[in-house]
Amino acid sequence: MSKPLPQSFYERDALVVAEELLGQHIHHGGVVLRITEVEAYRHPGDTANHCRMGRTKRNAPMWGPGGHAYVYLCYGMHNMLNLVTGADGEGAAVLIRACEPVSGHELILERRRSEAMRPVLLTGPGKVASALALDTSFSGHALFRPRGLLSVREGDAPSAIVRGPRVGIGYATPEHQAAPWRLAIGGSVWVSARRGLQ
DNA sequence: AACACGATGGACT
DNA sequence: GTCCATCGTGTTA
């Protein structure tokens, strides 16, 4: 098995890390997924960022150094996987919004209660965490440990990248709602709402 | 202690 | 396109 991406990979601007995360592989719970869609949440000054109001118990992992998971519960039922980026105290992360299956197909189908490997299976942040069997107990988990439970390893670089505004951030300023900080692999069918991507 | 609401997803028209 | 399940968290009192 390949080595996890090093912690230094994450200790850069969220938008740079987001772009380079496309195509990389997430390993957990007997499943490997290739990242096809991400969103960068930068700080300070990003009014869509969970860290915009300061440090809380929930967002504490996001304030730590890059290379750790930040998982939170959304709408009382969906777990969202973020990979923390930047330096200690920065408060930035990349949300994993969609993936394509690499291995562990049976487990993925079981966890998503589906019978077919079609794109809707893994297109959406809640679906990704579900397929990986991740919940908030993994928030703060290091991603770069050689024998860590959850890790991100080298995958296949994308042939093209498309960009668009982030999804579901109506509470942010118009400027931040419009920022093209959602990135996806161009031409991939494993991408959520294609609207706004170009 | 009460309250409003969310970086969504699935079912349905 | 519309509706809404479901609950932890942050805010307010």
Side-chain angles (χ1 to χ4, degrees), chain A residues 10 13-15 17-19 21-22 26 33 35-64 66 68-86 90-101 108-141 143 162-184 189-197:
Chain A
Y10 303 93
D13 183 85
L15 197 53
V17 178
E19 179 166 340
L21 275 172
L22 290 174
I26 304 174
L33 302 183
I35 299 170
T36 52
E37 181 186 339
V38 296
E39 280 178 358
Y41 286 87
R42 305 165 93 183
H43 199 72
D46 181 1
T47 54
N49 190 314
H50 277 189
C51 291
R52 67 191 179 280
M53 299 298 281
R55 192 185 193 100
T56 66
K57 186 173 182 181
R58 179 178 70 159
N59 70 24
M62 213 169 146
W63 288 100
H68 296 258
Y70 165 49
V71 185
Y72 70 94
L73 187 65
C74 188
Y75 291 102
M77 60 192 99
H78 305 300
N79 291 296
M80 305 281 153
L81 171 62
N82 297 257
L83 310 186
V84 178
T85 67
E90 187 171 321
V94 174
L95 171 69
I96 308 301
R97 281 197 59 89
C99 291
E100 67 175 298
I108 295 170
L109 291 172
E110 210 171 284
R111 290 167 186 161
R112 295 279 301 114
R113 293 172 196 166
S114 175
E115 299 177 348
M117 276 289 168
R118 58 193 195 285
V120 294
L121 197 62
L122 293 173
T123 53
K127 301 175 184 179
V128 171
S130 170
L132 288 166
L134 292 173
D135 58 37
T136 55
S137 68
F138 286 88
S139 200
H141 197 286
L143 304 166
V162 291
R163 295 158 201 275
R166 294 171 292 180
V167 178
I169 53 164
Y171 53 84
T173 63
E175 176 194 358
H176 291 141
Q177 287 188 52
W181 294 347
R182 172 177 175 228
L183 288 71
V189 295
W190 300 91
V191 170
S192 70
R194 315 195 66 88
R195 188 190 168 102
L197 292 175

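If you're wondering where the values come from, they're calculated on a predicted model, not measured in any experiment. So that the names make sense, note that chain A is the first sequence line, chain B the second, and so on, each numbered from 1.
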Under the ring pair (Phe, Tyr, Trp, His ring centres under 6.0 Å) test, which residues partner Trp63(A), sequence neighbours left out?
His43(A)

Please state how far atom CD in Glu37(A) lies from atom P in dA7(B), giving the value in whole angstrom units.
16 Å

Approximate separation, where rounding is to 0.5 Å, of Glu90(A) CD and Arg42(A) CZ:
9.0 Å

Under a 3.5 Å cutoff on both atom distances, Watson-Crick or G-U, what's the dot-bracket for DNA chain B ([ ] crossing, | other strand)?
||||||.|||||.

Sorted by first residue and then second, give each salt bridge (charged side-chain N to carboxylate O under 4.0 Å, His left out) pair with at least one member in residues 111-127 of chain A; sequence neighbours left out.
none

Taking only nitrogen or oxygen atoms into account, show me every contact under 3.5 Å that the protein makes with nucleotides 1-4 of chain C, one pair per line with its distance.
none

Once you apply a heavy-atom cut-off of 4.0 Å, does Leu95(A) come out as touching a base, just sugar-phosphate, or nothing?
base

Can you check whether Tyr171(A) has a side-chain N or O nearer than 4.0 Å to OP1 or OP2 of dG6(B)?
no

Could you go through residues 170-177 of chain A and list every donor-acceptor pair under 3.5 Å that involves a side-chain atom there, pairing it with any protein atom two or more places apart or in another chain?
| residue | atom | partner | partner atom | Å |
| --- | --- | --- | --- | --- |
| Tyr171(A) | OH | Ala48(A) | O | 3.0 |
| Thr173(A) | OG1 | Thr47(A) | OG1 | 3.3 |
| Thr173(A) | OG1 | His176(A) | N | 3.3 |
| Thr173(A) | OG1 | His176(A) | ND1 | 3.1 |
| His176(A) | ND1 | Thr47(A) | N | 3.1 |
| His176(A) | ND1 | Thr47(A) | OG1 | 2.6 |
| His176(A) | NE2 | Gly45(A) | O | 2.9 |
| Gln177(A) | NE2 | Gly170(A) | O | 3.2 |
| Gln177(A) | NE2 | Ala172(A) | O | 2.9 |

Residues in contact with DNA chain B, drawn from residues 39-58 of chain A - heavy-atom cutoff 4.0 Å
Tyr41(A), Ala48(A), His50(A)

Candidate nucleotides dA7(B), dG9(B), dT6(C), ranked by approach to the side chain of Met77(A) - the nearest
dT6(C)

By side-chain contact (heavy atoms from CB on, under 4.5 Å) - contacts of Ser192(A) (at least two apart)
Glu37(A), Arg97(A), Thr123(A), Arg182(A)

note: Leu121(A), atom CG; dT8(B), atom P; distance rounded to Å ~ 18 Å

Measure from the side-chain N and O atoms of Asn59(A) to the backbone N and O of His50(A), and report whether any donor-acceptor pair falls under 3.5 Å.
yes

Atom pairs, N/O to N/O, protein against nucleotides 2-5 of chain B, distance under 3.5 Å?
none

Given atom CE of Met80(A) and atom C1' of dG8(C), what is their separation to the nearest angstrom?
13 Å

Nearest 0.5 Å, what's the CD1-CG distance between Ile169(A) and Asp46(A)?
7.0 Å

Could you state the interatomic distance from CG (Leu81(A)) to OG (Ser130(A)), rounded to the nearest 0.5 Å?
12.5 Å

Scan residues 126-137 of chain A against DNA chain B and write down, sorted by residue number, each residue with any heavy atom closer than 4.0 Å; if none is found, say none.
Gly126(A), Lys127(A)

How many Å lie between CG on Asn79(A) and P on dC7(C), as a whole number?
12 Å

The side-chain contact (heavy atoms from CB on, under 4.5 Å) partners of Val189(A) (sequence neighbours excluded) come to Pro119(A)

Set of residues satisfying side-chain contact (heavy atoms from CB on, under 4.5 Å) with respect to Pro101(A), sequence neighbours excluded:
His105(A), Ile108(A), Met117(A), Leu122(A), Trp190(A)

Round to a whole Å and report the spacing from OH of Tyr75(A) to P of dG8(C).
17 Å

Could you tell me the separation between the NE2 atom of His78(A) and the C1' atom of dG10(B), rounded to a whole number of Å?
8 Å

Heavy atoms only, 4.0 Å cut-off, all strands: where does Arg112(A) land among base, sugar-phosphate and nothing?
sugar-phosphate

Quick check for you: to the nearest 0.5 Å, what is the distance between Leu143(A) atom CG and Phe138(A) atom CZ?
11.5 Å

Output for pair (Met80(A) CE, Ile96(A) CD1), nearest 0.5 Å, gives 12.5 Å

Taking only residues two or more places apart in sequence or in another chain, which ones pass salt bridge (Lys or Arg N to Asp or Glu O under 4.0 Å) with Asp135(A)?
none

In this structure, OH of Tyr70(A) is separated from OG1 of Thr85(A) (nearest 0.5 Å) by 13.0 Å

What is the distance from OH of Tyr70(A) to P of dA7(B), rounded to the nearest Å?
9 Å

